[in-house]
Each structure stands twice: as structure tokens, then as C-alpha cells.
Protein chains: 2
Amino acid sequence: MGQMVQELKERGHRLTPQRQMILEAIEAAQGHVSAETVHTKVAAQFPQVNISTVYRTLELLQNLGLVRHTHFDDGIAKYHLASETPHQHMVCRRCGDEREIDVSVLDPLDRHLRERYSFEADLAHFALIGVCGRCAAERAAGG
Amino acid sequence: MGQMVQELKERGHRLTPQRQMILEAIEAAQGHVSAETVHTKVAAQFPQVNISTVYRTLELLQNLGLVRHTHFDDGIAKYHLASETPHQHMVCRRCGDEREIDVSVLDPLDRHLRERYSFEADLAHFALIGVCGRCAAERAAGG
DNA sequence: ATTCATGCAAATACTTTGCATCAGC
DNA sequence: GCTGATGCAAAGTATTTGCATGAAT
């Protein structure tokens with residue numbers, strides 16, 4: 001929270017209760033939340049807070065580098081704190097199962113892209129989509 | 001085209017001119033096209049073809065395994081022939097530059113996910129987003 | 001007091017759906 | 001002729017924007 005206050009002021013933005021509440025909602029979620037979810041959480045206590053304020057604040061917090069977002073296969077942006085340990089998700093397109101995996105799995109690729117293309121990839125920006133072991137087995141059996 | 005006819009019939013679907021034209025438009029595009037683009041191409045010659053038919057056909061062709069789609073950072077689905085050589089895209093979030101890269105870059109990750117998690121990832125389903133070398137340099141210089 | 005932030009409502013963009021008509025088989 | 005496919009219009013979902021009011025500085 002202290003970091004947000006500092007960032008806002010330094011960049012000439014104002015500290016409003018809405019902004020605090022929205023950031024707190026993301027913090028409390030401890031994971032990936034959509035704008036809709038953030039709004040629902042905030043509106044539970046302050047119903048007059050509008051979802052467009054949530055969108056505008058999320059964009060601001062992103063620009064300040066305080067939050068980031070990831071896209072799962074539904075295309076909806078899911079937000080999380082930038083300070084969170086980076087992690088990657090595997091999503092099964094058949095059963096929808098979602099599994100969090102260690103980012104270290106992506107380190108070699110990350111290094112490769114940097115060395116070969118000077119490209120700084122944000123590999124956690126998209127989830128990994130595919131078919132999980134169980135569904136692959138079912139499919140092979142004729143599911 | 002012959003393959004489509006076969007697939008359609010085998011699965012009890014009908015061969016309509018719309019379906020042929022839509023598949024041909026994707027073939028001719030030789031790359032990644034949005035539903036909108038497909039519709040524009042087809043409608044250039046047959047204006048009465050509706051975009052909802054394009055969406056329905058794209059879904060059908062996907063189910064038949066004839067086409068696939070990829071998401072770039074704008075979230076819009078871009079379609080391509082399933083028979084195309086798999087490839088991956090790197091997109092710079094600053095300048096928008098789009099670069100096609102060899103899938104072999106992803107092979108180690110693919111193998112790792114299979115071996116460790118039995119997960120069959122569709123790594124080309126999402127483009128890789130990040131910052132390209134040039135933009136990273138500009139940013140470092142104070143851009 | 002100034003100016004940015006908010007709430008509201010409307011617009012936007014992409015995609016999906018209901019339904020009557022039409023066409024492939 | 002039967003049934004699935006299409007065109008059209010409308011709805012849906014996620015997000016953005018214009019504008020007047022209100023609040024932070």
C-alpha cells in the first residue's frame with residue numbers, strides 16, 4: 001500500500017479510496033482476478049463504485065507497474081500483483097483443469113529468446129493451453 | 001479441399017459454397033486471419049454471406065481439425081490451416097512488431113511439459129508477448 | 001481553486017444465438 | 001422431403017469513452 005501511495009504521488013496521480021480499495025481487493029485475492037471480480041468484491045462494501053472506475057484503475061496500476069495481467073483461454077484479463085512470484089498456468093482445453101507450474105520450466109526458453117532475438121518475453125502473460133494427461137488418456141480410449 | 005469434402009461427409013455435414021469459400025479464403029491468406037478478415041474477403045465477391053456464417057464455419061472447421069486459431073495480444077482469434085507448418089510469433093508490446101520464429105525454439109519446453117506433467121501443450125495457441133531488442137534499447141536510453 | 005477522478009450511460013468490438021427461410025442430401 | 005445451414009437481427013460479454021459532477025490536492 002505504501003508503495004502505491006508513493007508511486008501515485010510521484011507520478012502526479014491522486015490517492016482516492018476507490019484506488020485503495022481496488023488494489024486491496026487484488027491483494028486479498030492472492031491470485032488472478034478479473035475486473036468483474038474486483039468490482040464485485042469492492043461493490044460488496046461500496047456499491048456505488050462503478051466498474052469503469054475499476055477498469056481505469058487497473059490500467060493505471062498497470063502503468064505504474066504495480067499490477068500485471070494474464071490471459072487464460074477465455075480471453076478475459078486476470079490481474080495480479082506485480083510483486084507476486086512469477087508463475088505460469090497450464091490449462092486443459094478439455095476439462096478446464098488449471099494447474100500452476102514453476103516458472104523455472106520457462107527459463108531455458110526465456111534465455112534462448114533473449115540471446116537469440118534480444119527479445120524480453122513476458123511468458124506469463126498467456127497461460128499455456130493444451131490437453132492434460134488424464135484427458136489425453138480418455139481421448140485415446142475413445143472419449 | 002478434397003480433405004474438407006471428405007471430413008464433412010464423414011461426419012454428416014453438408015458441403016455448401018459458403019464453407020468452400022471460407023476455407024479457400026483462409027488458404028489464400030497463408031497466415032493468420034481474423035473472422036472479420038475472412039468475411040471481408042468472401043463478401044468482396046459474395047456480399048450476402050453473413051459474418052455469423054463465417055464464425056459458425058470457422059468453429060466447424062476447427063472441430064473437424066482443418067483449421068486452428070492463435071491469439072495475439074489484441075485477443076482476436078486469428079485462423080490458419082491446421083496443415084500449415086507450426087510456427088510461433090513474437091510480438092513486441094511497445095512497437096507492435098511481429099516476428100515469426102521457428103517452433104523448434106519451443107521443442108524443449110514441449111518435451112518437458114509432456115515428460116513432467118503429461119501435458120500436451122498447444123504452444124502456438126498464443127503468441128509470445130514481450131519487448132523487442134530495439135524497444136528495450138530505446139527504453140534503456142530513456143524512451 | 002484547479003484539475004484530476006468518478007459515476008453514469010452509451011458506445012465499441014468481437015462473438016454468439018434465436019428463428020424463419022432456404023438448400024444439400 | 002427431411003434436416004442441417006444460412007441470413008438477418010438481436011443479444012451477449014468484455015471493455016472503453018464522453019461528459020457533467022464531485023473530490024483530492
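What you see below is based on every heavy atom in this structure, not just the backbone, and it leaves out hydrogens, waters and symmetry mates. Every chain is numbered from 1, with letters handed out A, B, ... down the list of sequences.
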> Who pairs with B/Asp74 by salt bridge (charged side-chain N to carboxylate O under 4.0 Å, His left out), at least two apart in sequence or on another chain?
Replying inline: B/Lys78
>> What residues from residues 38-47 of chain A pass a heavy-atom cutoff of under 4.0 Å to DNA chain D?
In response: none
>> Rounded to whole Å, how long is the line connecting atom CG of B/Leu8 with atom P of C/dC25?
In response: 9 Å
> Any side-chain heavy atom of B/Leu61 within less than 4.5 Å of one from B/Glu7?
Replying inline: no
> Quick one: B/Leu60 CG to D/dT6 C1', roughly how many Å, whole number?
Replying inline: 13 Å
>> Return a single string for nucleotides 12-17 of chain D, one symbol per nucleotide in 5' to 3' order, where B is base contact, S is sugar-phosphate-only contact and - is none, cutoff 4.0 angstrom on heavy atoms.
In response: --SBBB
> Rounded to the Å, how far apart are A/Arg11 CZ and C/dC4 P?
Replying inline: 16 Å
>> Strictly below 4.0 Å, N to O, side chains only: are A/Arg93 and B/Asp122 in salt-bridge contact?
In response: yes
> Rounded to whole angstroms, how far apart are CD on B/Gln18 and P on D/dG4?
Replying inline: 17 Å
>> Tell me the interatomic distance from B/Leu58, atom CG, to D/dA5, atom C1', rounded to whole angstroms.
In response: 15 Å
>> Donor-acceptor pair, distance only, cut-off 3.5 Å: does the side chain of A/Gln88 make one with the backbone of A/Leu123?
In response: yes
> For nucleotides 20-25 of chain D, read 5' to 3', which letter fits each nucleotide if B means a protein heavy atom sits under 4.0 Å from the base, S means only the sugar-phosphate is that close, and - means neither?
Replying inline: ---BBS
> How far apart are the closest heavy atoms of A/Cys132 and A/Cys92, and which atoms are they?
Replying inline: N-SG, 3.4 Å
> Is the B/Tyr117 ring parallel, tilted or perpendicular to the B/His112 ring (thresholds 30°, 60°)?
Replying inline: tilted
>> I want to check one thing: is the phosphate of C/dC8, taken as OP1 and OP2, less than 4.0 Å away from some side-chain N or O of A/Gln48?
In response: no
> Between C/dC25 atom P and B/Glu10 atom CD, what is the distance in whole Å?
Replying inline: 14 Å
> Ring centroid separation for A/Phe126 and B/His71, is it under 6.0 angstrom?
Replying inline: no
> According to the salt bridge (charged side-chain N to carboxylate O under 4.0 Å, His left out) rule, which pairs have a member within residues 50-70 of chain B, sequence neighbours left out?
Replying inline: none
> Looking at B/His69, B/Glu27, B/Gln30, B/His32, which hits side-chain contact (heavy atoms from CB on, under 4.5 Å) with B/His80?
Replying inline: B/His32
> Of all residues at least two apart in sequence or in a different chain, which pass the side-chain hydrogen bond (donor to acceptor under 3.5 Å, both in side chains) check with B/Thr85?
Replying inline: none
> Quick one: do B/Asp110 and B/Arg114 make a salt bridge, cutoff under 4.0 Å?
Replying inline: yes
